[in-house]
Amino acid sequence: MRRKFVASFTKDDYNTIEAIANRTGWEIEYDRDENGMTMTFTDSDHDYYEGHEFTIEFDSVDDLVEQVNDRWNEFELDRETYNLLDCDGHGMDGAPYSMRDVLDEMTDFETKLSRLADRLRDIER
């Protein structure tokens, strides 16, 4: 399928974002229709975590970068780790069994999200 790009989001923009996403451990899917553009970011290393995939609706590269940055700023390591633990402090829903391992995995996820946000902010526009 051939993608169409609007003036505020060029094929070069897409290629740049895809390269950044891949270098920082993310996969992306891009879609455009009459309602606008969406990009879905997926971290397949943490697929047991509900937030491992998120979709952003955007209308420009600046908007996309801002929303990824907001996603990173709103990520709360302790809360997200706690949400993956059962009442005995063990991982559930596919998360590692050990509380420490869950914390380490969520720290890794936070780092990947931070790197993605940092690299996207470096895009020359």
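Everything numeric here is computed off the predicted structure, so don't read it as measured data.
His46 places a side-chain N or O within donor-acceptor distance of the main-chain N or O of Glu105, the cut-off being under 3.5 Å. The closest donor-acceptor contact from the side chain of Ser114 to the backbone of Glu110 lies at 3.5 Å or more, if one exists at all. Proximity of a side-chain donor or acceptor of Gln67 to a complementary backbone N or O of Glu57 within less than 3.5 Å is detected. In this structure, the side chain of Thr42 does not engage the main chain of Ser44 through any donor-acceptor pair within 3.5 Å. Using a distance-only test at 3.5 Å, with no hydrogens or angles considered, no donor-acceptor pair links the side chain of Asp88 to the main chain of His90.
Between Tyr49 and Asn83 the shortest side-chain heavy-atom distance does not fall below 4.5 Å. At least one side-chain heavy atom of Pro96 sits under 4.5 Å from a side-chain heavy atom of Tyr48. Looking at Ile56 and Leu64, their side chains come closer than 4.5 Å, going by heavy atoms from C-beta outward. Counting only heavy atoms from C-beta outward, the side chains of Leu85 and Met92 never approach each other to under 4.5 Å. Thr55 places none of its side-chain heavy atoms less than 4.5 Å from the side chain of Asp31.
Using a cutoff of 4.0 Å between basic side-chain nitrogens and carboxylate oxygens, Lys112 and Asp108 are not scored as salt-bridged.
In the model, Thr81 has no side-chain atom that pairs as donor or acceptor with a side-chain atom of Asp78 under 3.5 Å. Glu18 and Asn22 share no donor-acceptor pair across their side chains, judged by distance under 3.5 Å alone.
Rounded to the nearest 0.5 Å, atoms OG1 (Thr16) and CZ (Arg119) are 14.5 Å apart. A distance of 5.0 Å separates CG of Leu113 from CH2 of Trp26, quoted to the nearest 0.5 Å. Rounding to the nearest 0.5 angstrom, the gap separating the CE atom in Met37 from the CG atom in Asp13 is 9.0 Å. For the atom pair OG1 (Thr24) and CG (Asp43), the distance works out to 9.5 Å, reported to the nearest 0.5 Å. The distance from the CG atom of Asn73 to the CD atom of Glu66 is 10.5 Å, given to the nearest 0.5 Å.
A continuous path of Ile, Leu, Val, Met, Phe, Trp and Tyr side chains, each step under 4.5 Å between heavy atoms, connects Val61 with Tyr30, placing both in one hydrophobic cluster. When hydrophobic clusters are built by joining Ile, Leu, Val, Met, Phe, Trp and Tyr residues whose side-chain heavy atoms come closer than 4.5 Å, directly or via intermediates, Met106 is not grouped with Tyr97.
Taking all atoms of both residues into account, the shortest heavy-atom contact from Val102 to Gly91 is CG2-CA, 4.0 Å.
Remark: of the listed residues Leu116, Val68, Val65, Ile28, Ile28 is the sole one forming a side chain to side chain contact (heavy atoms under 4.5 Å, CB included) with Ile17. Remark: of the listed residues Asp122, Leu120, Asn15, Leu120 is the sole one forming a side chain to side chain contact (heavy atoms under 4.5 Å, CB included) with Ile20.
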Hey, mind stepping through Phe58 and Met39 against side-chain contact (heavy atoms from CB on, under 4.5 Å) and telling me if it holds?
CA-CA 8 Å; Phe58 64 101; Met39 190 166 290; 3.7 Å; yes
For the pair Leu103 and Leu77, evaluate side-chain contact (heavy atoms from CB on, under 4.5 Å) and give the outcome as yes or no after the intermediate values.
CA-CA 8 Å; Leu103 177 61; Leu77 178 62; 4.1 Å; yes
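Screening residues 62-87 for ring pair (Phe, Tyr, Trp, His ring centres under 6.0 Å), with sequence neighbours left out, gives Phe75-Phe109.
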